[in-house]
2 protein chains.
Amino acid sequence: MRRVSAPTYHHGRLRQALIDAAADAVRERGPEDWSLRDVGRRVGVSHNAAYRHFAHRDDLVVVLSELTMARLVDALHQRLALVKGDDPVLRARRALAETGRGYVDFAISDPHLFRLAFTSTVATEPSPPPERDPYGVLSRVLDGLVEVGYLTPEARQDAELTCWSAVHGFSILCIEGPLRGAGDAERNGALEQVLVAIDRSYAATTGTVIGPDDLRVGA
Amino acid sequence: MRRVSAPTYHHGRLRQALIDAAADAVRERGPEDWSLRDVGRRVGVSHNAAYRHFAHRDDLVVVLSELTMARLVDALHQRLALVKGDDPVLRARRALAETGRGYVDFAISDPHLFRLAFTSTVATEPSPPPERDPYGVLSRVLDGLVEVGYLTPEARQDAELTCWSAVHGFSILCIEGPLRGAGDAERNGALEQVLVAIDRSYAATTGTVIGPDDLRVGA
DNA sequence: TCGTCGATGTTGACACTGTCTACAAAGGAG
DNA sequence: CTCCTTTGTAGACAGTGTCAACATCGACGA
């Protein structure tokens with residue numbers, strides 16, 4: 001039996017501890033205003049210890065960024081699992097709306113790490129595998145809309161860009177824009193409006209008639 | 001007659017010179033990776049000289065941010081002045097689209113300052129007067145759409161949020177997202193798709209039929 | 001005309017940062 | 001037990017924002 005937290009010379013799990021502490025630091029102090037040395041202090045280790053696990057501070061930023069993206073993808077999948085409905089078209093449309101809700105909720109619940117992940121100047125050059133990329137999740141949801149015939153193949157073209165722009169932009173609005181101090185009710189109301197606008201925009205290409213509660217998660 | 005650039009002890013226009021140099025620094029090195037001391041060096045003045053004009057580094061950031069916003073507002077107004085067309089409805093719709101184009105163009109042409117202006121943690125608490133606020137420009141364009149009957153008062157509600165989300169999100173996409181390396185053609189194509197989606201979304205509430213070139217700036 | 005005084009710019013210092021190099025301790029392979 | 005790789009430490013360096021003390025200038029009242 002090993003004592004995990006025994007203060008031995010060799011920490012044992014330092015890399016993970018540093019990542020966790022860095023995440024805490026970012027959450028507390030924002031995506032820019034934290035230091036590697038302070039992260040070391042939090043873990044109870046000397047400055048420079050981090051350099052055995054990360055060649056540069058930015059490498060730790062990249063790790064945090066990728067981890068955050070992965071968490072976002074997980075959150076989206078969990079949300080998508082909740083979508084119900086007998087009508088496949090309705091279900092596909094709800095999936096798109098729910099993706100948007102999950103995205104914004106994540107951004108609001110962890111704003112500093114969200115910003116870190118999307119702002120990191122050291123943009124991860126090779127775009128991540130679709131499994132780790134929120135963009136990929138959106139792509140498949142949109143493919144689903146094509147399969148059920150709600151989205152024409154022409155409208156499918158660049159649809160990621162449109163949807164992602166709207167939802168990511170809305171998230172920014174909530175984090176650092178005019179909706180910063182807004183309450184949940186106001187914010188959710190506005191979000192539903194955005195989601196309806198997206199849905200309606202595609203509905204217009206197929207002549208679908210939209211009911212008031214179509215986009216709720218379903219029953 | 002005074003020699004403007006004579007290296008006297010008192011600079012005379014140091015405040016403005018610092019602002020200009022800081023803008024250059026941000027453009028060269030990004031919104032985070034520049035220093036007050038370097039700005040002093042660029043102007044040929046000691047470190048600390050800046051402290052006679054800005055109490056903190058962040059104060060200079062705020063000034064840069066406000067200046068950038070003002071330039072953005074100017075750019076939008078210039079774009080709006082180009083919108084033509086006899087049909088007032090068409091003109092109002094084109095105004096909305098042109099606002100989006102102007103916004104994205106500005107973001108792409110000055111990405112680092114654009115990001116600085118929207119990312120500054122030191123968010124200017126009192127929201128700026130409508131004259132200095134891109135948000136205000138958008139508001140009036142949307143009011144115009146209501147006046148000509150294209151936008152119902154209900155749809156007008158929160159319409160800023162929807163439009164701004166889409167266009168700002170798209171700008172981010174172009175600056176640091178998947179559209180980062182895209183050429184003008186690809187980017188503009190995608191942008192037009194976003195603009196059409198916005199327009200179509202509101203058109204859907206009034207049953208307007210949309211032609212292929214409706215949103216061009218007009219003739 | 002001269003002296004004074006506030007505004008503006010300089011110098012030096014402090015604590016803090018990321019990062020480099022040299023050193024030390026731990027733990028596994030032989 | 002010995003040796004070597006891995007992991008953590010100590011110290012140093014340049015660079016940063018900021019503060020306090022000092023220097024210089026320009027304007028204004030005597």
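In what follows, chains are A, B, ... by sequence order, proteins preceding strands, each numbered from 1. The shown structure was predicted, so the numbers you read here are calculated from the model rather than taken from an experiment.
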Need one value for [X]: base, sugar-phosphate or nothing, where a base atom within 4.0 Å counts as base even if backbone is also close, heavy atoms only.
X: B:S35; answer: sugar-phosphate
X: A:H47; answer: base
X: B:R15; answer: nothing

What is the distance, to the nearest angstrom, from the [atom1] atom on [X] to the [atom2] atom on [N]?
X: A:D33; N: D:dG17; atom1: CG; atom2: C1'; result: 12 Å
X: B:Y51; N: C:dA7; atom1: OH; atom2: C1'; result: 19 Å
X: A:E32; N: C:dG18; atom1: CD; atom2: P; result: 12 Å
X: B:R57; N: C:dC16; atom1: CZ; atom2: P; result: 19 Å
X: A:D59; N: C:dG18; atom1: CG; atom2: C1'; result: 13 Å
X: A:L36; N: C:dC16; atom1: CG; atom2: C1'; result: 13 Å
X: A:H56; N: C:dG18; atom1: NE2; atom2: C1'; result: 10 Å
X: A:R13; N: D:dT7; atom1: CZ; atom2: P; result: 14 Å

Nearest-neighbour nucleotide for the [X] side chain, [options] considered:
X: B:R52; options: C:dA22, C:dT17, D:dC22; result: D:dC22
X: A:N48; options: C:dT17, C:dG9, D:dT9; result: D:dT9
X: A:S46; options: C:dG9, D:dT9, D:dT16; result: D:dT9

Note to self: With each end axis built from five pairs of C1' atoms, what bend angle do you get for the helix from C:dT1-D:dA30 to C:dG30-D:dC1? Round to 10°.
What the structure shows: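 Comparing the first five pairs with the last five, the axes sit 10° apart.
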
Is the base of [N] touched by the side chain of [X] through a donor-acceptor pair closer than 3.5 angstrom?
X: A:D58; N: C:dG18; value: no
X: A:R37; N: C:dT19; value: yes
X: B:D38; N: D:dT16; value: no

Margin query: With salt bridge (Lys or Arg N to Asp or Glu O under 4.0 Å) as the criterion, how do A:D74 and A:R71 come out once you've worked through the C-alpha distance, each side chain's angles and the decisive distance to 0.1 Å?
Written below: CA-CA 5 Å; A:D74 284 353; A:R71 285 196 302 123; over 6 Å; no

Margin query: If you compare all heavy atoms of A:L191 against all heavy atoms of A:F170, which two are closest, and at what distance to 0.1 Å?
Written below: N-CZ, 3.4 Å

